[in-house]
Trainee: 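One structure, as C-alpha cells, below. Some questions next.
Computed from a prediction, not measured in an experiment: that's the story for all the values here. Worth knowing before you read on, the calculation uses all heavy atoms, side chains too, and leaves out hydrogens, waters and symmetry mates.
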Amino acid sequence: MAAPKRGRSASAQSKPGRSLALILIAIVAMTGGMFASGNKTPRLGIDLAGGTSITLKAKADQGSAINKANMDTAVDIMNRRVNGLGVSEAEVQTQGTDHIIVNIPKGTNSKQAQQQVGTTAKLYFRPVLASEPTGSAASPSPSASPSGSGSPSPSSSASAKEKASSSSSGSPTPTATATSQGRAVTDALKADATPSSSGSPSATSSPSPSASSSGGTAEATELQAQYAALDCSKPDQRAKAGTNAKPGEPTVACGENKNIWYKYLLGPAAVDGTEVKKAQAVIDTQGAAGWQVQMTFTSSGSKKFADITAELAKKTTPQNEFGIVLDGEVVSSPFVQTAISGGQAEISGSFTQQEAQSLANMLSYGALPLSFKEETVTTVTAALGGEQLHAGLLAGAIGLALVVIYLVAYYRGLSIVAMASLLVSAMLTYVIMSLLGPAIGFALNLPAVCGAIVAIGITADSFIVYFERIRDEIREGRSLRPAVERAWPRARRTILVSDFVSFLAAAVLFIVTVGKVQGFAFTLGLTTVLDVVVVFFFTKPLMTLLARRKFFADGHKWSGLDPKSLGAKPPLRRTRRPAGPAAGSVDPKEA
C-alpha cells in the first residue's frame with residue numbers, strides 16, 4: 001500500500017511548474033486586459049482624489065410630506081442607485097431637514113449619477129392615441145395610411161413576454177392618422193374625459209380647431225391644443241410636456257428615436273411602475289444583439305398588463321400600441337397583436353450595457369417618496385492633501401521594509417519565497433482593483449487601503465504557517481523534499497480555516513455596514529480569497545521546486561532550513577517488526 005502512495009506523491013512533486021505557469025498566465029492576461037481597457041490604476045475614492053458634490057432640495061409636490069422618514073428613504077434609494085454594490089465610495093447624506101448632499105468620486109460618470117439620484121423613476125404603461133415626428137423630421141403632408149407602424153418587434157406579441165424595443169434604437173413610429181384614426185382618438189378622449197366629450201385631435205401637425213364644437217369638453221380641447229403645438233425637438237417644450245399629468249388622465253409626451261424626437265398623445269395609465277416587481281439588464285439572446293431590460297410584474301400588475309394588451313390587440317395602428325413612459329418621456333412604444341400574459345415584459349433593442357443597467361437600476365430601486373430640485377453641482381477637492389497622502393505611502397513603505405528585514409533575518413533563504421509570494425499577491429490585488437473600477441464602480445479610499453494592508457498580514461501568516469510545518473518535519477529527522485510534502489496537508493488545513501474565518505468576518509461586515517466600512521470589508525474579503533490562490537498556486541509549487549536545489553536540500557546555514565540550527569533528531573530509519581508469534585518461540589532459521 002505504501003508504494004502507490006509514494007508514486008502519487010512523486011507525481012504531484014514532479015509537476016509544480018504547471019501551477020506556477022497557470023498563475024503567471026492569469027497575471028499576464030489580467031494585466032493585458034487592464035492596459036487594453038485603459039484603466040491602468042485603481043479608481044480612487046473621494047477622500048483621495050476628490051469628485052463632484054450635488055445638493056438636492058426636497059419638494060413636497062407628490063402628496064408626501066417632507067419628514068425624517070421620507071428623507072431617510074430617499075437617501076437609501078439614492079445611495080443604492082449611485083453606490084451599486086456599496087464599493088464605489090459615493091456618499092449620500094442629509095443636510096438639515098430638506099436637503100440631501102451626494103458626493104461622487106472622481107472617475108465616476110458624474111452626469112449619469114446626477115441624472116439617477118434625483119429622478120423619481122415614475123413608470124407608466126399608457127395606450128398610444130396618436131404619434132408623429134416633430135421639428136425638421138416632421139412630414140409636411142403626412143400619409144393617411146394607418147399601416148405604417150414602426151413598432152419594433154411584431155413577433156413579440158405571440159410570445160409569453162412582451163418585447164418592447166428601446167425608443168433610442170427601435171424602429172420609429174411616425175404614425176400619421178387617417179380620418180378613421182382621428183375618430184378613434186376622439187372616442188378615446190371622450191371616454192377619458194366625460195361621456196359627452198367628442199374632441200377629435202388629428203395626429204397631424206394641424207388638428208382641426210373645431211374639434212370641440214360638437215360637444216367636446218374644455219379638457220379635451222386643451223389637450224388637443226397642447227398636442228398640436230408641441231414640438232419635441234425643442235428642449236424647453238420637452239421639459240414641459242405632460243407636466244403634472246395625473247395617471248388617470250390622458251396626456252402628451254415626447255420620446256426620442258434614432259435622434260428624432262416624436263410627440264405622443266397618450267391615454268390614462270393602464271399599469272403603474274410600482275407594479276413592476278423586478279427589473280434587470282440581460283443580454284438579448286433571441287433578438288438583435290444588444291442588451292435588454294426584463295421586468296417581472298406583481299400579481300395585480302400581471303392581470304392589468306394582460307387586460308391592456310388584450311384590449312390593444314383589437315385596435316389598429318397606432319391605437320394598438322402602448323407607450324412605456326418613464327418620468328414623462330416615452331422610452332418605447334411597441335404594438336400588440338394578441339393578449340400577453342405571464343407577468344413578464346422586456347424592453348429590448350440596441351441598448352448598451354450601461355443604458356440597460358441604468359434603466360433597470362432606477363426601476364429596481366423604485367420611486368423616491370419626494371421629488372427633488374437640483375440646487376448646486378460643485379467640484380470638491382480631495383479630503384486629504386498631497387502631503388498627507390505621500391506621508392501615508394512613505395509610512396507603508398517603511399513598514400513593509402521592516403517586515404522584509406525581519407523575514408530575511410529569521411527565515412534567511414526562505415525569505416525569497418515569502419517576498420515572491422507577497423509580490424504576486426500585490427500584483428493580483430492591484431490588477432483586480434484596477435479592473436473592478438469600471439466593472440462594478442469600485443473605488444479605493446483610505447478604509448479600503450487599510451483592508452489591503454491588513455490582508456498583507458494574512459498572506460504573511462499563511463506561508464509562515466507552512467514554513468514552520470516544514471521546519472517541524474526537519475526537526476523530526478526528515479530530509480527537505482519529504483518534509484515539504486508531509487508538511488503541506490497540515491499547513492493547508494490551518495491556512496484554509498484561518499482564511500475562512502477572515503473571509504466570514506469580511507462578509508458579515510460588508511452585509512451589516514454601509515458607506516466606507518463596506519469598502520474596507522470588500523477589500524479584506526477580496527485579498528483573503530487571493531491569499532488562498534497565491535498559497536496554493538504559487539507558494540507551495542515554488543517551495544517544491546526549491547526543495548530540489550542543493551542550497552536548500554542540503555540545509556545550507558543561510559537557507560533557513562539548517563538541521564543543526566533547528567535541533568533536528570538523527571535521521572529516521574525504517575525497522576521491520578517480526579510477524580507471527582514471538583521471536584523466542586520460533587526456530588532461528590525460520591526467523
Trainee: Run the side chain to side chain donor-acceptor pair (under 3.5 Å) test on Gln294 and Gln292 for me, step by step, so that the C-alpha distance in whole Å, both residues' side-chain angles and the decisive distance to 0.1 Å come before the verdict.
Mentor: CA-CA 6 Å; Gln294 290 184 350; Gln292 62 180 213; 3.2 Å; yes

Trainee: Check whether Glu374 reaches the backbone of Leu56 with its side chain - one donor and one acceptor, N or O, closer than 3.5 Å.
Mentor: no

Trainee: Can you see which heavy atom on Thr539 is nearest to which on Ser421, and at what distance?
Mentor: OG1-OG, 2.8 Å

Trainee: Has the side chain of Ser434 got a donor or acceptor atom that lies under 3.5 Å from a matching backbone atom of Tyr430?
Mentor: yes

Trainee: In the structure I gave you, are the side-chain heavy atoms of Thr523 and Phe442 within less than 4.5 Å of one another anywhere?
Mentor: yes

Trainee: Please confirm whether the backbone N or O of Lys557 pairs with a side-chain atom of Arg412, one donor and one acceptor, at under 3.5 Å?
Mentor: yes

Trainee: So does Glu468 have more than 12 non-hydrogen atoms from other groups sitting under 6.0 Å from CD?
Mentor: yes

Trainee: Answer yes or no: are there more than 12 heavy-atom neighbours, outside Phe537 itself, under 6.0 Å from its atom CZ?
Mentor: no

Trainee: Nearest heavy-atom pair of Ile495 and Ser462: which atoms, and what distance?
Mentor: CD1-O, 3.4 Å

Trainee: Given 3.5 Å as the limit, does a donor-acceptor pair link the side chain of Ser37 with the main chain of Gly33, or not?
Mentor: yes

Trainee: Are there over 12 heavy-atom neighbours, none belonging to Phe551, within less than 6.0 Å of that residue's CZ?
Mentor: yes

Trainee: With side chains defined as the heavy atoms from C-beta onward, is the minimum distance between Ser19 and Pro16 less than 4.5 Å?
Mentor: no

Trainee: Write down the atom of Phe552, the atom of Leu546, and the distance for their closest heavy-atom approach.
Mentor: CB-O, 3.5 Å

Trainee: Are the side chains of Tyr466 and Val535 in touch, meaning some heavy atoms are under 4.5 Å apart?
Mentor: no

Trainee: Ignoring hydrogens and geometry, is there a side-chain-to-backbone donor-acceptor pair from Tyr406 to Tyr411 under 3.5 Å?
Mentor: no

Trainee: Checking Thr31 side chain against Ile27 main chain: does a donor-acceptor pair fall under 3.5 Å?
Mentor: yes

Trainee: So, for Val377 and Thr52, which heavy atoms are closest and what is the spacing to 0.1 Å?
Mentor: CG1-CG2, 3.7 Å

Trainee: Could you tell me whether the side chains of Thr429 and Thr527 share a donor-acceptor contact shorter than 3.5 Å?
Mentor: no

Trainee: So that I can tick it off, tell me whether Lys540 and Glu485 are bridged by a salt bridge, with the cut-off set at under 4.0 angstrom between side-chain N and carboxylate O.
Mentor: yes

